[in-house]
**Q** 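The structure's right below; bear with me while I get my questions together.
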Amino acid sequence: MFRRLFLLGAVLLLASCQSVSSRGVSAPPPEGQPIYLGAKHRLRSAILEEERGFSLYLPPGYAESSERYPVLYLLDGDAHFHHATGVVQFLAGNSHILPMIVVGVPNTNRTRELTPPVHGDTVMPGDTSSRSVARSLPTAGGADRFLRFLEEELAPYIEAHYRTQPYRILVGHSFGGLFAVHALMNRPQSFHAYIAISPSLWWNDGELVAGALKSLERLPEQERFLYMSMGDEGDEMLKPIQQLAATLEQARPARLAWRYAYLGNDHHGSTPHRTLYDGLEALFEDLRPQVLARTEDLAQLDARYARLTKRLGFELQPSEDLLNVVGYSLLQRGKVEAALAVFRRNVERHGDSANVHDSLGEALEAAGQLDAALESYRRALTLGIQANKVHPAYQQHVERVMRKLADAPKPLAPPVQTSGDGAR
């Protein structure tokens with residue numbers, strides 16, 4: 001619709017906003033209606049021999065759709081659930097990531113559940129008593145048992161009760177970041193993507209870092225993803241993650257995509273929000289509108305999504321909004337036929353949307369196919385009326401093309417043929 005009137009940068013900036021506005025304005029919610037953030041649930045764990053709680057966030061529109069979603073498992077869920085679900089909803093709403101389910105997992109004994117078994121006489125950073133971790137944290141070392149709970153009980157429960165894609169993301173901070181790296185190195189099949197925020201890789205004198213290359217030889221065939229961050233947190237936190245990043249940079253292990261970010265303006269407590277935002281964007285980098293808008297034609301777009309489907313392990317198709325962004329980008333660059341192919345694909349897949357017919361009408365109008373454009377605009381207007389979401393532009397576009405057709409020069413009538421036997 002209006003997107004072709006703007007430069008490409010404005011198109012990408014306003015894509016999600018215009019997509020909503022072009023479908024009509026909904027009535028305001030009733031006064032005092034609650035804002036849904038999530039719900040708390042419980043299940044009995046045979047592995048942990050206790051009842052465990054978790055918080056659950058479902059994407060907007062989950063109840064009305066039949067879509068399936070990746071699942072993000074968030075450690076320290078009681079501390080991070082609110083801001084994490086906000087990041088997920090914001091990024092998905094702007095087409096930077098896929099919409100997803102978020103499962104916040106709180107702890108009953110954080111040190112026990114998030115730390116690997118203790119080896120050696122490692123001392124905690126900042127502990128001036130010189131006591132070993134084993135003495136300072138006597139409950140530590142239960143990470144493997146907790147990982148079994150996540151992999152064998154919680155994830156199967158979520159997948160049995162909710163519409164999920166076969167793609168699990170694990171996010172952890174501090175000891176939770178240590179847990180995420182431990183899970184990747186020891187049971188990489190448990191999750192597909194790992195976001196390790198300020199991970200305590202000093203644990204066991206950097207044992208995970210030293211054994212990283214050997215551990216990563218066990219990666220499954222499907223690509224895994226690791227995003228790590230560290231703030232300004234002192235050498236004992238910083239050096240191990242720098243060493244791991246250097247090791248990965250030199251070895252470039254197959255089947256692992258990874259990033260490391262040093263957040264010099266952040267401290268240990270402030271890294272989670274920024275890292276989650278950046279890590280999820282990096283994971284779904286190929287889906288960002290800025291990337292897709294550079295697509296040259298429908299065949300290139302299909303090839304990109306075929307690669308994404310292979311990498312993620314489930315079929316992925318471009319959304320209505322993203323197809324519209326690509327179509328308008330092509331139209332602005334003068335690739336009218338390529339734009340028409342993209343808009344027609346959008347009509348094939350989302351034919352009940354008034355917006356896709358209106359967008360196709362704009363491309364047909366740009367191609368000089370006014371009769372076809374009028375038909376497409378009228379279809380958009382009809383669907384808008386049926387849905388009680390008529391954007392003013394729908395009627396304006398119909399009237400504009402009707403004027404163009406009325407003003408178009410009419411073909412001259414053929415001359416009247418006369419016989420050669422006329423009267424003399």
**Q** Listed by chain and number, what are the salt bridge (Lys or Arg N to Asp or Glu O under 4.0 Å) partners of E296, not counting sequence neighbours?
**A**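 Partners of E296 by the salt bridge (Lys or Arg N to Asp or Glu O under 4.0 Å) criterion, ordered by chain and then number, come out as R333, K335.
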**Q** With a 4.0 Å cut-off, would you call R42 and E51 a salt bridge?
**A**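 A salt bridge links R42 with E51.
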**Q** Would you mind reporting whether L147 and E152 have side-chain heavy atoms less than 4.5 Å apart?
**A**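 SC-SC contact between E152 and L147 ruled out.
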**Q** Heavy-atom count around H82 NE2 within 6.0 Å, excluding the residue itself: above 12?
**A**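 Atom NE2 in H82 is not crowded, with 12 or fewer foreign heavy atoms closer than 6.0 Å.
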**Q** Could you check whether any side-chain N or O of T309 sits under 3.5 Å from a backbone N or O of L316, counting only pairs where one atom can act as donor and the other as acceptor?
**A**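 Yes; judged by distance alone, with no hydrogens or angles, the pair exists.
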**Q** In the structure I gave you, are the side-chain heavy atoms of E365 and R400 within less than 4.5 Å of one another anywhere?
**A**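 SC-SC contact between E365 and R400 confirmed.
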**Q** Under 6.0 Å from the ring centre and within 45 degrees of the ring axis: does the NZ or CZ of R52 meet both conditions for the six-membered ring of F149?
**A**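 R52 over F149 ring: yes.
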**Q** Look at the aromatic rings of Y277 and F90 and report parallel, tilted or perpendicular, splitting at 30° and 60°.
**A**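 Plane angle between 30° and 60°, so tilted.
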**Q** So do the side chains of E281 and E285 get within less than 4.5 Å of each other, counting heavy atoms only?
**A**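 They are not in side-chain contact.
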**Q** Can you confirm if the aromatic rings of Y157 and H161 lie within a centre distance of less than 6.0 Å?
**A**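 That pair passes the under 6.0 Å test.
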**Q** Check step by step if side-chain contact (heavy atoms from CB on, under 4.5 Å) holds for I47 and R145.
**A** CA-CA 7 Å; I47 293 172; R145 192 179 181 198; 3.9 Å; yes
**Q** Side chains of N324 and S359 only: does a donor on one sit below 3.5 Å from an acceptor on the other?
**A**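 There is such a pair between these side chains.
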**Q** Distance-only, no hydrogens or angles: does the D297 side chain make a donor-acceptor pair with backbone N or O of A299 under 3.5 Å?
**A**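 Looks like yes, one N/O pair under 3.5 Å.
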**Q** Please confirm whether the backbone N or O of E67 pairs with a side-chain atom of R163, one donor and one acceptor, at under 3.5 Å?
**A**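 Yes; at least one donor-acceptor contact below 3.5 Å.
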**Q** Would H273 and S270 count as a side-chain contact (heavy atoms from CB on, under 4.5 Å) here? Give the steps.
**A** CA-CA 7 Å; H273 191 82; S270 68; over 6 Å; no
**Q** Inspect the contact between D371 and K404 and indicate whether a charged nitrogen and a carboxylate oxygen are less than 4.0 angstrom apart.
**A**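 No, K404 and D371 are not salt-bridged.
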**Q** Hey, can you pull the donor-acceptor pairs under 3.5 Å for the side chains in residues 166-182, sequence neighbours left out?
**A**
from, atom 1, to, atom 2, distance (Å)
R168, NE, E159, OE2, 2.8
R168, NH1, S190, O, 3.2
R168, NH2, E159, OE1, 3.2
R168, NH2, E159, OE2, 3.2
H173, NE2, H268, O, 2.8
S174, OG, H268, NE2, 2.9
H182, ND1, N186, ND2, 3.1
H182, NE2, D144, OD1, 2.7

**Q** Quiz question: by atom type and distance under 3.5 Å, do the side chains of Q317 and R349 form a donor-acceptor pair?
**A**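 A pair is found: one side chain offers a donor N or O, the other an acceptor, under 3.5 Å apart.
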**Q** Sequence neighbours left out, what passes ring-ring contact (aromatic ring centres under 6.0 Å, His included) with F284? Give chain and number order.
**A**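 F284 satisfies ring-ring contact (aromatic ring centres under 6.0 Å, His included) with no other residue.
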**Q** With ring centroids as reference points, do Y377 and Y394 lie under 6.0 angstrom apart?
**A**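 No - the distance between ring centres of Y377 and Y394 does not fall below the 6.0 Å cut-off.
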**Q** Under the rule for ring-ring contact (aromatic ring centres under 6.0 Å, His included), what residues qualify as partners of H267, not counting sequence neighbours?
**A**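 If we apply the ring-ring contact (aromatic ring centres under 6.0 Å, His included) test to H267, skipping adjacent residues, there are no hits.
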**Q** I'd like to know if the side chain of W258 and the backbone of Y227 have a donor-acceptor N/O pair within less than 3.5 Å.
**A**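 No, because the side chain of W258 does not come within donor-acceptor range (under 3.5 Å) of the backbone of Y227.
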**Q** Under 4.5 Å between any side-chain heavy atoms of R304 and R307, yes or no?
**A**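 Touching, per the 4.5 Å side-chain cut-off.
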**Q** E153 side chain to R148 main-chain N or O, any donor-acceptor pair under 3.5 Å?
**A**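 Pair absent, no side-chain N/O of E153 close to backbone of R148.
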**Q** Is the closest side-chain heavy-atom distance between P60 and Q89 below 4.5 Å?
**A**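 With C-beta onward as the side chain, the pair touches.
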**Q** State, yes or no, whether a side-chain contact exists between I101 and P59 at a heavy-atom distance under 4.5 Å.
**A**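 In short, these two side chains touch, coming nearer than 4.5 Å.
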**Q** Ignoring hydrogens and geometry beyond distance, is a side-chain donor-acceptor pair present between E50 and S45 at under 3.5 Å?
**A**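 There is no such pair between these side chains.
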**Q** List for me each residue that meets ring-ring contact (aromatic ring centres under 6.0 Å, His included) alongside Y62, sequence neighbours excluded, and say none if there are none.
**A**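 Y69.
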**Q** Kindly indicate, with the supporting measurements, whether the criterion side-chain contact (heavy atoms from CB on, under 4.5 Å) is fulfilled by L75 and N107.
**A** CA-CA 8 Å; L75 302 177; N107 306 107; 5.9 Å; no
**Q** Evaluate the side-chain proximity of L244 to L248: yes if any heavy-atom separation is below 4.5 Å, no if none is.
**A**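 In contact.
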**Q** Can a donor-acceptor pair be found, under 3.5 Å and without considering hydrogens, that links the side chain of N204 to the backbone of P117?
**A**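 It does hold such a pair.
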**Q** The criterion is salt bridge (Lys or Arg N to Asp or Glu O under 4.0 Å); which residues satisfy it with R379, sequence neighbours excluded?
**A**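 Result, salt bridge (Lys or Arg N to Asp or Glu O under 4.0 Å) vs R379: none returned.
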**Q** So V103 and L72, side-chain contact (heavy atoms from CB on, under 4.5 Å) or not? Walk me through it.
**A** CA-CA 6 Å; V103 179; L72 187 155; over 6 Å; no
**Q** If only atom types and distance count, is the side chain of N346 paired as donor or acceptor with the main-chain N or O of E320 below 3.5 Å?
**A**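 Yes: the side chain of N346 pairs with the backbone of E320.
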**Q** Any donor-acceptor pair under 3.5 Å linking the side chain of N109 with the backbone of R112?
**A**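 Judged by distance alone, yes, a pair lies under 3.5 Å.
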**Q** Heavy-atom distance under 4.5 Å between the side chains of W203 and P116, does that happen here?
**A**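 Answer yes - side chains close enough.
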**Q** With a 3.5 Å cut-off and no angle check, do the side chains of Q242 and Y262 form a donor-acceptor pair?
**A**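 Note: Q242 and Y262 side chains miss the donor-acceptor criterion.
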